[in-house]
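Notes follow once the structure below has been shown.
On a predicted model such as this, the values are computed, not experimentally measured, just so you know.
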Amino acid sequence: MSYSIEVRAVDAYGKRSNPAETTGMPSATPDNSWKKPLTGLFDDFSDVATLTRRWHLAGYQGCVDAGSGGGGLLIGLECGADQAVLRARSRIELASNGELGRIAVVTDAAGPGGQLTVDLSPGPVDRVGPTLPSGSVQIVVDDQGARVLAADDVPRVPGTHPAVAVPRGVGVPHLFEVVLRADGITVLEDGQEIGFGGVVPSWTSAYVLYGFQGPAGLKSRVFVDAAGFSGPPSPASPVSEVSLVPATVRALGPADLAPGIGISRKPLIGAASARYVATVRADSADLDPAGLSVQLGASRYPVVQAVPGPVPAGSVTTVYADLPVSLFGADGPDQLSPYVLRSDRGQATILESYLEIHSTGTPPGFAGAALQAAPPVSQVPLVKVDSSQDGGRLVLDVTLDGRYSREVTGVAGFEVWLDGQLAAGQPTDTNGPGLGGRYTVVFSAGSLSPGKHTVDVREYPVDGSLAPVSTLKDVTVT
């Protein structure tokens with residue numbers, strides 16, 4: 001039996017609009033036919049504990065957290081400006097004719113003021129900045145509809161369709177699909193075309209990234225019900241990630257002295273292979289990515305770009321270095337100190353860095369099936385930093401928040417680094433391990449020069465085998 005359905009809008013004064021009418025038939029069985037093409041990868045995020053086996057979640061520590069909620073993946077955007085990016089570890093492989101490929105995601109990220117991006121990159125980049133890497137394609141979905149963008153070297157074909165602006169409610173998930181064909185890329189929302197671009201990439205396989213961003217300036221939550229893409233299936237390998245906090249987020253010169261802060265070698269013991277990965281922002285126009293290297297202890301390892309090419313000032317690039325087997329043995333130092341990034345030419349900042357560790361079994365130093373499941377979102381309370389100015393003073397409100405951690409360890413204390421220099425420190429374990437709390441750090445009037453400054457708050461756990469948690473914040477002193 002078919003039913004008549006009327007939908008009305010209500011304004012701020014209670015006035016109702018004329019109805020939009022349609023008919024429908026209720027069904028106890030949802031239409032899941034959209035999942036059938038997703039043979040390359042499909043994840044409904046029913047088990048968030050295994051997230052890192054299939055995905056890498058990129059975002060500033062303390063600003064982005066993830067957990068289960070409502071049967072899917074719930075991503076918290078705590079700072080009101082950051083973007084969370086899910087990159088699939090496997091690649092989409094395109095067909096040779098007809099529909100070349102299809103990518104899908106069910107999410108509420110493109111609600112009012114929010115944005116969903118789908119990036120296709122020939123290399124394993126963790127995030128895409130304002131300048132698209134060579135060969136990359138980006139689909140943007142927001143209040144204006146959908147737009148298909150591409151790097152300058154991606155081939156175009158004639159033809160375009162106007163974007164369709166589709167009203168979306170807050171917190172309402174929609175099915176978004178990206179369809180690749182020989183005549184261009186079509187973007188669908190719940191089966192309706194909302195955008196098209198005459199772009200035909202020359203590659204036959206690529207990495208897929210889903211970016212989620214809430215309304216500017218507001219803390220928000222993004223729900224991801226499912227995601228995947230077409231192509232031959234790729235089995236998930238046992239992968240674990242260890243987030244790294246550098247001694248300084250600014251890349252040092254070849255001969256600059258490094259602060260004596262390093263990382264634990266424990267997660268590397270027994271690994272079959274491991275890769276250092278970092279997302280780096282170019283802070284000057286003369287940055288030479290070929291001159292970047294990572295220093296772990298006394299050794300320096302050249303890094304390579306996930307997608308080679310120049311990095312204009314303000315843009316980002318993902319770099320990596322495969323670590324030698326000499327670091328995986330039981331004998332060796334407990335700490336690799338210092339840990340810094342070095343640049344032979346140009347200035348750069350580390351936005352995110354981590355170890356991607358692969359193993360065929362459970363190596364020493366890991367409990368249970370630690371390599372078969374992702375570690376907790378954070379074993380240390382997250383750090384949130386708010387700033388304000390009062391009578392010429394800069395006031396930092398530091399919150400050590402463990403609400404989003406499944407396992408919270410003790411906190412030894414935290415430090416405040418200002419423009420790469422240690423400015424303040426506060427122990428929190430004088431009466432036993434601290435578990436969080438709220439602290440105020442005040443810089444007196446006139447102690448900071450007017451202009452932009454970078455604050456780096458580092459929280460240190462009592463357990464020395466765990467990496468500190470770091471939160472970056474740019475503040476402008478007037």
Side-chain angles (χ1 to χ4, degrees), residues 38-41 54-58 83 85-97 99-105 116-140 147-157 177-187 197-211 227-234 236-237 239 275-282 287-290 292 302-312 315-322 351-352 354 356 358:
L38 310 183
T39 53
L41 173 68
R54 299 184 181 93
W55 308 90
H56 170 70
L57 177 63
Q83 182 188 48
V85 182
L86 272 177
R87 174 178 64 82
R89 296 195 182 280
S90 55
R91 302 167 68 102
I92 181 174
E93 302 285 343
L94 301 187
S96 58
N97 53 52
E99 183 175 298
L100 305 180
R102 182 176 290 252
I103 302 162
V105 59
L116 166 70
T117 60
V118 178
D119 296 310
L120 301 174
S121 171
V125 299
D126 283 339
R127 63 168 62 213
V128 173
T131 301
L132 297 181
S134 174
S136 298
V137 175
Q138 183 176 74
I139 293 90
V140 180
R147 303 179 298 282
V148 180
L149 311 175
D152 293 339
D153 58 350
V154 176
R156 268 76 166 177
V157 296
E177 296 173 280
V178 176
V179 183
L180 290 79
R181 299 182 61 88
D183 60 350
I185 297 177
T186 302
V187 186
V199 173
V200 183
S202 56
W203 38 254
T204 58
S205 67
Y207 287 91
V208 180
L209 295 80
Y210 302 89
F229 46 77
S230 61
S234 177
S237 61
V239 178
R275 171 173 287 185
Y276 167 81
V277 186
T279 297
V280 179
R281 183 186 66 211
L287 177 68
D288 180 10
L292 294 174
V303 301
V304 297
Q305 289 179 278
V307 176
V311 187
S315 193
V316 301
T317 185
T318 299
V319 299
Y320 66 86
D322 290 321
L351 301 183
E352 178 195 26
Y354 61 95
E356 182 181 278
H358 299 254

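Minimum interatomic distance between Leu94 and Gly101 (heavy atoms only, all atoms of both residues): CD2-CA, 4.2 Å. Nearest heavy-atom pair across Pro155 and Ser202 is CD-N, 4.1 Å. Of all non-hydrogen atoms in Leu132 and Val128, the two that sit nearest each other are CD2-CG1, 3.3 Å. Looking at every heavy atom in both residues, Thr318 comes nearest to Pro124 through CG2-O, 3.8 Å. Residues Gly135 and Trp203 approach most closely at O-NE1, 2.8 Å, considering heavy atoms. Here the shortest heavy-atom pairing between Ser134 and Val307 reads O-CG1, 3.5 Å.
Listed by chain and residue number, Asp142 satisfy the side-chain hydrogen bond (donor to acceptor under 3.5 Å, both in side chains) test with Arg147 (two or more places apart in sequence, or in another chain). Partners of Asp322 according to the salt bridge (Lys or Arg N to Asp or Glu O under 4.0 Å) rule, which considers only residues two or more places apart in sequence or in another chain, are Arg275. Scanning for salt bridge (Lys or Arg N to Asp or Glu O under 4.0 Å) contacts around Arg156 gives an empty result, with sequence neighbours left out. With sequence neighbours excluded, the residues forming a side-chain contact (heavy atoms from CB on, under 4.5 Å) with Ala282 are Leu287, Val311, listed by chain and number. Annotation: side-chain contact (heavy atoms from CB on, under 4.5 Å) contacts of Thr39 (sequence neighbours excluded): none. Checked against side-chain hydrogen bond (donor to acceptor under 3.5 Å, both in side chains), Ser315 has no partners two or more places apart in sequence or in another chain. For the ring-ring contact (aromatic ring centres under 6.0 Å, His included) test, no residue two or more places apart in sequence or in another chain qualifies with Tyr207. Residues that satisfy the side-chain hydrogen bond (donor to acceptor under 3.5 Å, both in side chains) test with Arg181, not counting sequence neighbours, are absent from this structure. Remark: Tyr320 pairs with no residue by the ring-ring contact (aromatic ring centres under 6.0 Å, His included) rule, at least two apart or across chains. For Asp126, the side-chain hydrogen bond (donor to acceptor under 3.5 Å, both in side chains) test picks out Arg87, Tyr354, with sequence neighbours left out. Residues forming a side-chain contact (heavy atoms from CB on, under 4.5 Å) with Ser205 (at least two apart in sequence, or on another chain): Arg91, Glu93. In terms of the salt bridge (Lys or Arg N to Asp or Glu O under 4.0 Å) criterion, residue partners of Arg281 (sequence neighbours excluded) are, by chain and number, Asp283.
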Evaluate salt bridge (Lys or Arg N to Asp or Glu O under 4.0 Å) for Glu356 paired with Arg89, printing each intermediate quantity in order. CA-CA 11 Å; Glu356 182 181 278; Arg89 296 195 182 280; 2.6 Å; yes

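Judged by distance alone, with hydrogens and angles left aside, the side-chain atoms of Tyr276 form no donor-acceptor pair with the main-chain N or O of Val319 at under 3.5 Å. Side-chain atoms of Asp119 do not come within 3.5 Å of backbone N or O of Gln138 as any donor-acceptor pair.
With a 4.5 Å cut-off on side-chain heavy atoms, Gln83 and Thr117 count as touching. Within the 4.5 Å cutoff, side-chain heavy atoms of Ile103 are placed close to those of Leu180. Using a 4.5 Å heavy-atom threshold, the side chains of Val178 and Phe229 count as separate. Contact check for Leu57 versus Val85: no side-chain heavy atoms found under the 4.5 Å cut-off. Contact of the Val154 side chain with the Ser136 side chain is not registered, since no non-hydrogen atoms from C-beta on lie closer than 4.5 Å.
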